[in-house]
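Along the sequence shown, residues are numbered consecutively beginning with 1.
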Amino acid sequence: MARVKAYNMLMGGITELDFQGKAVPSDLVLIGDEAFPLAMNHVGQVLMAASSYGMGRLVVLGHEEYLTAFPSVVKNVLAWLNTPSKPTVGIHPACTSFAQSLSCPNEVGNFQKKMGIYVTDAYSMAGSEKELVSYLKGGGSLLVAGQAWDWAQKNPGQNALRDFPGNKVCSVAGIYFSEHKGKLGMFPVPKEIPSSWLAVSIGKDFKDDYKFLLDGVSEFDIRGGALPSEILVHGPLAFPIATTGDGRAFFAGAYYGQGRVIVGTHEGYLGRAELSRFLCNAVRWLDEGRNGCVGVHPNLAAAHSLLTQSGLHCELTNFREDLSVYVCKSYSDEHCTRIQGFVAEGKGLLIAGHAWAWAQNHGNHRVMIAYPGNRILNKMGISILGSTVNAGLYKAPKPETACSEVYHFRPMLQRLAGHVMCGEPLKQSEQDSLKHLGQDCSAYLHMKAHNCHSYASILSVLTSVVKQGGVPQVGKNRPIKDPKEHLLLNVSSQLYEALPNPDEIVPHIVKQKNQLPVVSNAKAFINGNTAGHEEWKSTGLYLSPGMRTYISVPSMIVGKGWQLQIGCQTDNLGNAGELRRAPVVHKRFPVNSEMILVSNLWGGLLYLVAPPNSTVGDFEIHAQWAILAPYYKSGKTTVAEWVGGLRAAPAPWAELEFDNIILTMKSKMVQDLDRPDEVAVLWDSIMKGVADLASIPAKLPRKERFVADVQISHGFMHAGYPIMLHGHSVKCLLEPKVARERGIWGAIHELGHNQQRNAWEFPPNTTECTCNLWSIYVHEEVLGVPRAKAHEAVNPNNRKQRLQQFVKEGKQYGKWEMWTALETYIQLQEKFGWEAFKKVFSAYHNMQNVPNDRDGKMNLYAETFSKTVNQNLAPFFKAWGWPISASLEQNLAALPVWSDHPMVNYA
């Protein structure tokens, strides 16, 4: 990497630096992607640094005396800064003593563009800022030395980051002289770019900024339909402004170069009257007293109106360099580089937008690096996340205490590091923030900005925290609740993905790795055809935790939306208070080449994930190394092959693949299974029953999947692809005799969920209701288990009591749900039979222009069922409290009325 190469050149041959003299340096604050430290003291303060801007290079020394105190450093610096076409070293008259120490050609005098390198102290740059920035940007080299703490003492009340002369130039490259004195001593020069957990939160006190921005602001009213994203505030000069009660930010600000930025997480807030005082404060903070033109993007007319009414000089315009402040949405990065330079060179940016919708379409893990707004904002120290915060009314922080009371990623990370490294105790409020910190760390690591020192230093800190803190060995009988352990487990997974050499961290995370027998050049045969959904294709292969292997795939699927997946447990447990496994244990890789290197910290079964509507037919893939898993496939595997060895394959996860469903579980669950063919007969009949009731072809377009896990994201089981269930529940799926005697209600219930369709669903009332139609149907028509035996909730006594209670309470729609709502459908079934339901479901398959509102959908269902059975069911549904319209009653008037329905006595 260029940064590493530059450091090696700048500090080559130097093993230690003596900072024990009288010269007291400034602590240098570094931001952005280009700046990196050259010398760091024992408390993490940066005393020398380097960076680049545009085509030029910059080195900053924390005191002017260092120009002569460290000749070896300066010699390396001049060699790195050297421009062969312009060999002259220009030296400001204030640095005459430095000129006398040089043996190379030099010229003492005021700055001239012809100079190849210009050396100056940090105090003599006043009046030449624009020239020097232009010189640097165009390819010039600067060596600047000085300190700001003395200036800050002599200029109380002024903002050193903005007003100190040296910062008006060096800040564009991400290096600031701070008002803090650097600690002295003799410090070693490491072989790699220095970093320290002590440096994580070194930045700025934002008290004055809070005071300005929150003047007259007591609350942030973001109530209403606009759903904001969450902000990750991760830069040394970035700070949260507005947060929820649990510390999740939805407005944040930052210094970047000579300029500033304010970020919001919904564009609707920019024109919101309830936020007008804050927004006007924000624009004036960004304008910094220039009283310049505020450019508002043309699609933000409401924001333009609000700001104009507040007396600000605004224009509706696209981005222009001559603006003082630019206001825009975060959905485009069309002018990314220009906007970054615009801010770095002293202007203001107010930008807003959410990322959750983008994340839903592009993958949440890609938000940090690929979301357009983050392409602009990441290097400014602020990122918009795919997660959301609740709309509401939130108190503004108190300016005088905001710095210490508002949750901030960097200070909190430093407190964690101090706790782990040195045993420093955490306050209760800090312990309460650890889960939030873990989520932020995971999001931050997704940037994978290895060329950025700030990222590399936090990566180093987290690596040390995980190695020293230890990752809990979680499991079914070893759940964890402690927030710190929760964080370590969560972060370790992301750390493995982010580290350039992830193998170094594996022994600290997975401490009990079983050495399983490996086969080379393992093959898997794949049917590459799919219908309208993404589909997992099983390979029967497994990879151990951290195991790396190359997968060879045919060229016809490369770049066509295919993916490789390691792991079957796809539930994210990040919000769980108690963990029995890591929050995320699966991983996907895009198939972008014919040979793909894959691995997963937690290991797992290997799948190909096929895109919808694939027609590539059958093909074969090869794994350089893999472990065989117990894998039975109807029509391919014989019982003899299964019993003869396949069920004893060494992988800890097994799969049984039948005609319409695939069951995935721990291998120990199938090691004594002698007749997988009988299990296949059971599930083939169940799935045929599911399809029958739904009025769809017996061969499903995509096989359903059940995956048993030690912990799932919610419920006893939950629907989806795959359907998830707890490991202890999987046994009942493998016992045909038990299923036909006692039933398996829960599993069929989840299959019913997957058959629910929005057109005839009335959520949330029927969400846990209509899926049970499949439970009843399959148990009675396929398994031969009467409904009352299949589940006690539908025995006659319970049904009668629920109905009477519903009527007694006034037939409130809010209480027409789950079992009570199911009674409506059961009464229809007992009168008209299952065939009526099949015909109704069939009618919906091709139905167009289905209403979106609840009342419209309920009227359509009543009409459809009535016409299917050729009877007027309006009185029946009205008796249940359905909002049957007068027009529907008129429409059904010609049909014979179902006059003796079960609700007659309750009408």
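Looking only at distances, a side-chain donor or acceptor of H450 sits under 3.5 Å from a matching main-chain atom of A498. At least one donor-acceptor pair closer than 3.5 Å links the side chain of N41 to the backbone N or O of G44. At distances below 3.5 Å, not a single donor-acceptor pair connects side-chain atoms of H419 with backbone N or O atoms of P425. A donor-acceptor pair is defined here as one N or O able to donate and one able to accept, closer than 3.5 Å; no such pair exists between the side chain of S201 and the backbone of Q414. W285 places no side-chain N or O within donor-acceptor distance of the main-chain N or O of I262, the cut-off being under 3.5 Å. Between the Q258 side chain and the K168 main chain, a donor and an acceptor come within less than 3.5 Å of each other. Looking only at distances, no side-chain donor or acceptor of E485 sits under 3.5 Å from a matching main-chain atom of P483. Looking at N374, its side chain never comes within 3.5 Å of a backbone N or O of S383 through a donor-acceptor pair. Using a distance-only test at 3.5 Å, with no hydrogens or angles considered, a donor-acceptor pair links the side chain of R581 to the main chain of P583. At least one donor-acceptor pair closer than 3.5 Å links the side chain of K435 to the backbone N or O of N575.
Listed by chain and number, the residues in a ring-ring contact (aromatic ring centres under 6.0 Å, His included) with Y53 amount to none (sequence neighbours excluded). Legend: residues meeting side-chain hydrogen bond (donor to acceptor under 3.5 Å, both in side chains) with R375, ordered by chain and number and at least two apart, are D333. The side-chain hydrogen bond (donor to acceptor under 3.5 Å, both in side chains) check on S404 picks up nothing, with sequence neighbours excluded. Take H486 and apply the ring-ring contact (aromatic ring centres under 6.0 Å, His included) test, not counting sequence neighbours, and it matches no residue.
Side-chain atoms of S454 and R410 form a donor-acceptor pair, as typed in the model, at a separation below 3.5 Å. Using modelled atom types and a 3.5 Å distance limit, the side chains of Q428 and D432 yield a donor-acceptor pair. With no hydrogens or angles considered, a side-chain donor-acceptor pair links S330 and Y371 at under 3.5 Å.
Salt-bridge annotation for D246 and R248: present, with a side-chain N of the basic residue lying under 4.0 Å from a carboxylate O of the acidic one. Between E405 and K398 no salt bridge is recorded (no basic side-chain N to carboxylate O distance below 4.0 Å).
Within the 4.5 Å cutoff, the side chain of L184 has no heavy atoms near those of the Q20 side chain.
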Kindly determine whether Y210 and F239 satisfy ring-ring contact (aromatic ring centres under 6.0 Å, His included), including the steps that lead there. CA-CA 9 Å; Y210 279 120; F239 58 102; 5.4 Å; yes
Given F187 and H42, is the side chain to side chain contact (heavy atoms under 4.5 Å, CB included) satisfied, shown in steps? CA-CA 7 Å; F187 307 121; H42 62 290; 3.3 Å; yes
Run V263 and L377 through side chain to side chain contact (heavy atoms under 4.5 Å, CB included) and show every step you take. CA-CA 9 Å; V263 182; L377 295 170; 3.8 Å; yes
Would Q569 and W602 count as a side chain to side chain contact (heavy atoms under 4.5 Å, CB included) here? Give the steps. CA-CA 10 Å; Q569 307 142 282; W602 307 107; over 6 Å; no
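Atoms CZ and CG, on F220 and L393 in that order, are 11.0 Å from each other to the nearest 0.5 Å. With rounding to the nearest 0.5 angstrom, the CH2 atom of W197 is 13.0 Å from the OG atom of S460. How far CG of L495 is from CD of E497: 10.0 Å, rounded to the nearest 0.5 Å. Within the model, atoms OG of S387 and NE2 of H354 stand 13.0 Å from one another, a figure rounded to the nearest 0.5 Å. The line from CD of E34 to CZ of R3 is 9.5 Å long, rounded to the nearest 0.5 Å. H436 contributes atom NE2, which lies 10.5 Å from atom CE of M412 (distance to the nearest 0.5 angstrom).
The salt bridge (Lys or Arg N to Asp or Glu O under 4.0 Å) pairs that include a residue from residues 439-448 number zero, where partners must be two or more places apart or lie in different chains. Sorted by first and then second residue, the salt bridge (Lys or Arg N to Asp or Glu O under 4.0 Å) pairs with a member in residues 212-223 read D215-R277, D221-R223, D221-R272; sequence neighbours excluded.
Evaluated for a side chain to side chain contact (heavy atoms under 4.5 Å, CB included) with L462, the options L499, L413, L487, L488 yield exactly one hit, L413. Each of N501, I509, D503 was compared with I505 under the side chain to side chain contact (heavy atoms under 4.5 Å, CB included) criterion, and only I509 meets it. Just one residue in the list K181, E179, H180, K183 forms a side chain to side chain contact (heavy atoms under 4.5 Å, CB included) with D27, and that residue is H180.
The aromatic rings of F250 and Y394 sit tilted relative to each other, their planes meeting at an angle between 30° and 60°. Classified by interplanar angle (parallel below 30°, tilted 30° to 60°, perpendicular above 60°), the ring pair Y444/F409 is tilted.
When ring centroids are compared, Y176 and Y255 stay outside the 6.0 Å threshold.
Of all heavy-atom pairs between A252 and I241, the closest is C-CD1, 3.6 Å. The two residues L286 and L349 have their closest heavy-atom pair at CD1-O, 3.6 Å.
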